[in-house]
Amino acid sequence: SVLLPVFNEEPYIEKCIDSLLGQDYENIEICISDNASNDNTWDIIDRYHNQDDRVVAVRQVEPIHPIDNLKSALLFASGDYVFVMGGDDYLLPGFFSAAVSLLRSESDPASIVCARMHYFKDIDGGVFDTLPPVEFESEINGSVRRLLDFFLRHINHDELVLSLSPRAAFESAMGLL
């Protein structure tokens, strides 16, 4: 289950949803909660929702706290794994197949798979930064303990990290269990 809490993502949301629907992993659902966007985000989401059964969407009438918007998306999730991303993010083809394979190979039931993010500097797609840096990949892909240790040692500010985790571990981390 991909949890996609969004607000005013009109310039990016189509690329985001297309990247999810284009994954080769067959058992995917996209759970979108629009936090009362005041641009055309909801119109775009609604179009996908009406065209593809894998897209489940709800629109908040009034803005709510971002964590509540995330929890709203989680209410519609039925998968064994959850993945949280923003409406301005997108994934390369094959991400979920590789991530689920890696996750299933871990013996730790609270394992997660962390996604490395690239930041682009121009329209040609030149990468100017990668988080976490490539040299730390072996340290972060695996258990929650390794990921937390990595952040305690290497990250000094807030950064978004995309991760695939078992639903129960995610709900526990969110204080929902």
Side-chain angles (χ1 to χ4, degrees), residues 1-104 110-120 123 125 127 131 147 158-177:
S1 300
V2 178
L3 307 182
L4 194 55
V6 299
F7 175 73
N8 286 351
E9 305 287 356
E10 181 180 2
Y12 317 104
I13 193 69
E14 285 183 87
K15 185 171 186 173
C16 174
I17 296 173
D18 286 342
S19 79
L20 293 168
L21 294 175
Q23 292 292 310
D24 60 355
Y25 187 73
E26 293 180 14
N27 193 18
I28 189 171
E29 66 180 350
I30 304 163
C31 305
I32 307 172
S33 181
D34 177 39
N35 201 2
S37 292
N38 54 24
D39 61 4
N40 289 318
T41 299
W42 175 250
D43 296 331
I44 296 166
I45 292 168
D46 195 43
R47 186 179 75 235
Y48 280 95
H49 170 71
N50 290 325
Q51 293 175 351
D52 197 308
D53 291 340
R54 297 174 292 174
V55 179
V56 180
V58 63
R59 183 174 196 212
Q60 305 302 326
V61 177
E62 296 288 328
I64 58 177
H65 191 278
I67 294 297
D68 293 330
N69 199 39
L70 172 61
K71 289 177 181 178
S72 174
L74 180 62
L75 290 174
F76 299 100
S78 63
D80 294 331
Y81 302 106
V82 294
F83 183 81
V84 180
M85 64 186 283
D88 60 345
D89 299 324
Y90 68 93
L91 299 177
L92 297 177
F95 172 81
F96 283 114
S97 292
V100 168
S101 176
L102 179 61
L103 188 61
R104 288 181 176 160
S111 293
I112 64 171
V113 176
C114 177
R116 184 170 48 248
M117 297 187 342
H118 299 289
Y119 298 92
F120 299 93
I123 198 156
V127 175
L131 179 79
L147 181 66
D158 293 336
E159 292 290 351
L160 173 66
V161 175
L162 308 177
S163 66
L164 177 70
S165 60
R167 182 184 178 126
F170 179 80
E171 288 176 337
S172 177
M174 292 288 294
L176 300 174
L177 288 180

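Everything numeric in this text was worked out from a predicted model, so none of it was measured. The figures that follow rest on heavy atoms only: side chains count, while hydrogens, waters and symmetry mates do not.
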M85 vs L20, side chain to side chain contact (heavy atoms under 4.5 Å, CB included): CA-CA, chis, key distance, verdict: CA-CA 10 Å; M85 64 186 283; L20 293 168; 3.6 Å; yes
message: Strictly by salt bridge (Lys or Arg N to Asp or Glu O under 4.0 Å), give each pair with a member in residues 31-48 just once, sequence neighbours left out.
response: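 Sorted result for residues 31-48: E14-R47, D34-R59.
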In Å, rounded to the nearest 0.5 Å, how long is the span from [atom1] of [X] to [atom2] of [Y]?
X	Y	atom1	atom2	result
H49	I17	NE2	CD1	11.5 Å
L21	Y48	CG	OH	7.0 Å
R54	N27	CZ	CG	10.5 Å

field: Side chain R167, main chain A77, donor-acceptor under 3.5 Å
entry: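 It does hold such a pair.
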message: Tell me whether N69 contacts the main-chain N or O of P5 through its side chain, where contact means a donor paired with an acceptor under 3.5 Å.
response: no
Over all heavy atoms of both residues, which pair between [X] and [Y] is shortest? Give the atoms and the distance, please.
X	Y	result
L91	S19	N-OG, 3.0 Å
A36	P63	CB-N, 3.7 Å
T41	E10	OG1-N, 3.0 Å
C16	G86	SG-O, 3.6 Å

query: Could you go step by step and tell me if V84 and V2 meet the side chain to side chain contact (heavy atoms under 4.5 Å, CB included) rule?
result: CA-CA 6 Å; V84 180; V2 178; over 6 Å; no
Distance-only side-chain donor-acceptor flag, [X] / [Y], under 3.5 Å:
X	Y	answer
S1	E29	yes
Q60	S72	yes
D89	Y12	no

query: Heavy-atom count around D80 CG within 6.0 Å, excluding the residue itself: above 12?
result: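 For D80, atom CG is not crowded (no more than 12 foreign heavy atoms under 6.0 Å).
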message: Checking Y90 against D18 for the side chain to side chain donor-acceptor pair (under 3.5 Å) test, could you report, in this order, the C-alpha distance in whole Å, the side-chain angles of both residues, the deciding distance, and whether it holds?
response: CA-CA 8 Å; Y90 68 93; D18 286 342; over 6 Å; no
message: Run the side chain to side chain donor-acceptor pair (under 3.5 Å) test against N38 and tell me which residues pass, sequence neighbours left out.
response: N8
Can you find a heavy atom in the side chain of [X] that is under 4.5 Å from one in the side chain of [Y]?
X	Y	result
V58	L75	no
L4	I13	yes
D88	K15	no

- prompt: For I32 and V6, what are the C-alpha separation, side-chain angles and deciding distance, and is it a side chain to side chain contact (heavy atoms under 4.5 Å, CB included)?
  reply: CA-CA 7 Å; I32 307 172; V6 299; 4.0 Å; yes
message: Taking ring pair (Phe, Tyr, Trp, His ring centres under 6.0 Å) as the definition, give me every residue that meets it alongside Y81, ordered by chain and number, with sequence neighbours left out.
response: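 Ring pair (Phe, Tyr, Trp, His ring centres under 6.0 Å) check on Y81 returns nothing, list empty.
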message: Tell me whether the rings of F96 and F83 are parallel (<30°), tilted (30 to 60°) or perpendicular (>60°).
response: perpendicular
task: Check the pair N35 / H65 against side chain to side chain contact (heavy atoms under 4.5 Å, CB included), numbers first and verdict last.
output: CA-CA 9 Å; N35 201 2; H65 191 278; over 6 Å; no
